[in-house]
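Below is one structure, written out as structure tokens, with a few remarks after it.
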Amino acid sequence: QVQLVESGGGLVQAGGSLRLSCAASGGTISNSAMGWFRQAPGKEREFVATVDWSGGSTDYADSVKGRFTISRDNAKNTEYLQMNSLKPEDTAVYYCAQSYYSSHTDKWDEYPYWGQGTQVTVSS
């Protein structure tokens with residue numbers, strides 16, 4: 001069974017940048033779409049970004065479009081989330097996930113495998 005481990009979270013000032021990584025072990029992610037979701041305190045988990053199996057097609061939540069970039073390196077069994085122009089409302093625990101499907105999807109229930117999450121805190 002695939003295990004996903006996120007890294008790269010931390011504390012950053014508004015306007016700053018962070019790059020999250022999600023490393024997979026115990027299996028390959030190369031045939032699967034991958035996604036990032038986040039959950040802020042007192043809120044439900046929400047979709048952030050997704051990429052298809054090849055890295056050629058992506059989709060983003062409106063709230064992060066133009067600021068975040070999702071990518072993947074199948075040779076390294078890793079996906080990434082580059083986050084620029086961060087805002088305090090981006091503060092959340094960020095989770096990576098592996099989909100059942102090869103095409104990207106924003107539906108959390110189409111992701112059977114999840115990492116433990118990494119905290120991102122943006123100060124104003």
Side-chain angles (χ1 to χ4, degrees):
Q1 181 169 334
V2 170
Q3 293 185 330
L4 303 174
V5 179
E6 303 95 338
S7 61
L11 173 64
V12 64
Q13 289 189 330
S17 298
L18 284 174
R19 189 192 195 204
L20 305 184
S21 298
C22 173
S25 62
T28 181
I29 66 169
S30 61
N31 300 317
S32 304
M34 298 293 293
W36 288 95
F37 293 75
R38 66 186 181 187
Q39 188 167 19
K43 295 188 177 181
E44 292 187 351
R45 190 171 299 191
E46 66 173 355
F47 164 74
V48 175
T50 179
V51 60
D52 77 344
W53 70 276
S54 71
S57 181
T58 59
D59 191 22
Y60 298 90
D62 287 344
S63 59
V64 307
K65 205 169 290 185
R67 299 188 298 122
F68 290 11
T69 302
I70 188 171
S71 62
R72 64 191 297 159
D73 185 336
N74 286 340
K76 295 184 178 179
N77 228 19
T78 301
E79 71 157 343
Y80 306 95
L81 186 68
Q82 178 67 43
M83 305 186 295
N84 299 329
S85 302
L86 282 161
K87 305 175 181 180
E89 51 263 44
D90 294 318
T91 295
V93 177
Y94 283 71
Y95 298 90
C96 71
Q98 180 183 9
S99 175
Y100 286 119
Y101 306 115
S102 58
S103 299
H104 62 65
T105 173
D106 60 1
K107 299 177 177 59
W108 68 267
D109 59 353
E110 293 182 354
Y111 290 84
Y113 302 114
W114 293 79
Q116 293 299 305
T118 185
Q119 176 70 48
V120 171
T121 303
V122 184
S123 63
S124 56

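The shown structure was predicted, so the numbers you read here are calculated from the model rather than taken from an experiment.
With sequence neighbours excluded, no residue forms a salt bridge (charged side-chain N to carboxylate O under 4.0 Å, His left out) with Asp109. Thr121 pairs by the side-chain hydrogen bond (donor to acceptor under 3.5 Å, both in side chains) definition with Gln119, not counting sequence neighbours. With sequence neighbours excluded, the residues satisfying ring pair (Phe, Tyr, Trp, His ring centres under 6.0 Å) with Trp114 are Phe37. Scored by the salt bridge (charged side-chain N to carboxylate O under 4.0 Å, His left out) test, Arg67 finds Asp90 as partners (sequence neighbours excluded). Partners of Gln39 according to the side-chain hydrogen bond (donor to acceptor under 3.5 Å, both in side chains) rule, which considers only residues two or more places apart in sequence or in another chain, do not exist here.
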Compile the donor-acceptor pairs under 3.5 Å between side chains in residues 42-49 and protein atoms, sequence neighbours left out, one pair per line.
{"from": "Glu46", "atom 1": "OE2", "to": "Arg38", "atom 2": "NE", "distance (Å)": "2.6"}
{"from": "Glu46", "atom 1": "OE2", "to": "Arg38", "atom 2": "NH2", "distance (Å)": "3.2"}

Tell me which donor-acceptor pairs under 3.5 Å the side chains of residues 9-18 have, and how far apart each pair is, sequence neighbours excluded?
{"from": "Ser17", "atom 1": "OG", "to": "Asn84", "atom 2": "OD1", "distance (Å)": "2.9"}

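Between the side chain of Gln98 and the backbone N or O of Ala33, no donor-acceptor pair lies under 3.5 Å. In this structure, the side chain of Gln3 does not engage the main chain of Gly27 through any donor-acceptor pair within 3.5 Å.
Residue pairs meeting the side chain to side chain donor-acceptor pair (under 3.5 Å) criterion with at least one member in residues 50-59, sequence neighbours excluded: Thr50-Tyr111, Asp52-Ser54, Ser57-His104. Applying the disulfide bond (SG atoms under 2.5 Å apart) test to residues at least two apart or on different chains, the pairs with a partner in residues 94-124 are Cys22-Cys96. Counting only residues at least two apart or in different chains, salt bridge (charged side-chain N to carboxylate O under 4.0 Å, His left out) contacts with residues 69-82 are absent. Each disulfide bond (SG atoms under 2.5 Å apart) pair with one or both residues in residues 24-60, not counting sequence neighbours, would appear here, but there are none. Among pairs with a residue in residues 35-87, none fulfils disulfide bond (SG atoms under 2.5 Å apart), at least two apart in sequence or across chains.
Pairing each heavy atom of Ala40 with each of Ala92, the nearest pair is N-CB, 3.8 Å. Between Val2 and Ala24, the shortest heavy-atom distance links the atoms CG1-CB, 4.1 Å. The nearest pair of heavy atoms linking Ser99 to Tyr101 is OG-N, 2.9 Å. Nearest heavy atom pair, residue Leu86 against residue Met83, reads CD2-CB, 3.8 Å.
The shortest distance between side-chain heavy atoms of Leu4 and Tyr95 does not fall below 4.5 Å. Residues Leu20 and Tyr80 have side chains not in contact (no heavy-atom distance under 4.5 Å, counting atoms from C-beta outward). With contacts defined as side-chain heavy-atom distances shorter than 4.5 Å, the pair Met34/Ile29 qualifies. Looking only at side-chain heavy atoms (C-beta outward), Val120 and Thr91 stay at 4.5 Å or farther from each other. Between Leu81 and Arg19 the shortest side-chain heavy-atom distance does not fall below 4.5 Å. When side chains are defined from C-beta on, Val51 does not count as touching Trp36, because their heavy atoms never get closer than 4.5 Å.
Atom-to-atom distance recorded for Asn74:CG and Thr28:OG1 is 6.5 Å, nearest 0.5 angstrom. Taking OG of Ser25 as the start and CG of Asn77 as the end, the distance is 8.0 Å to the nearest 0.5 Å. Remark: Glu110 CD to Ser103 OG distance equals 10.0 Å, nearest 0.5 Å.
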Stepwise side chain to side chain contact (heavy atoms under 4.5 Å, CB included) check, Glu6 with Tyr94
CA-CA 8 Å; Glu6 303 95 338; Tyr94 283 71; over 6 Å; no

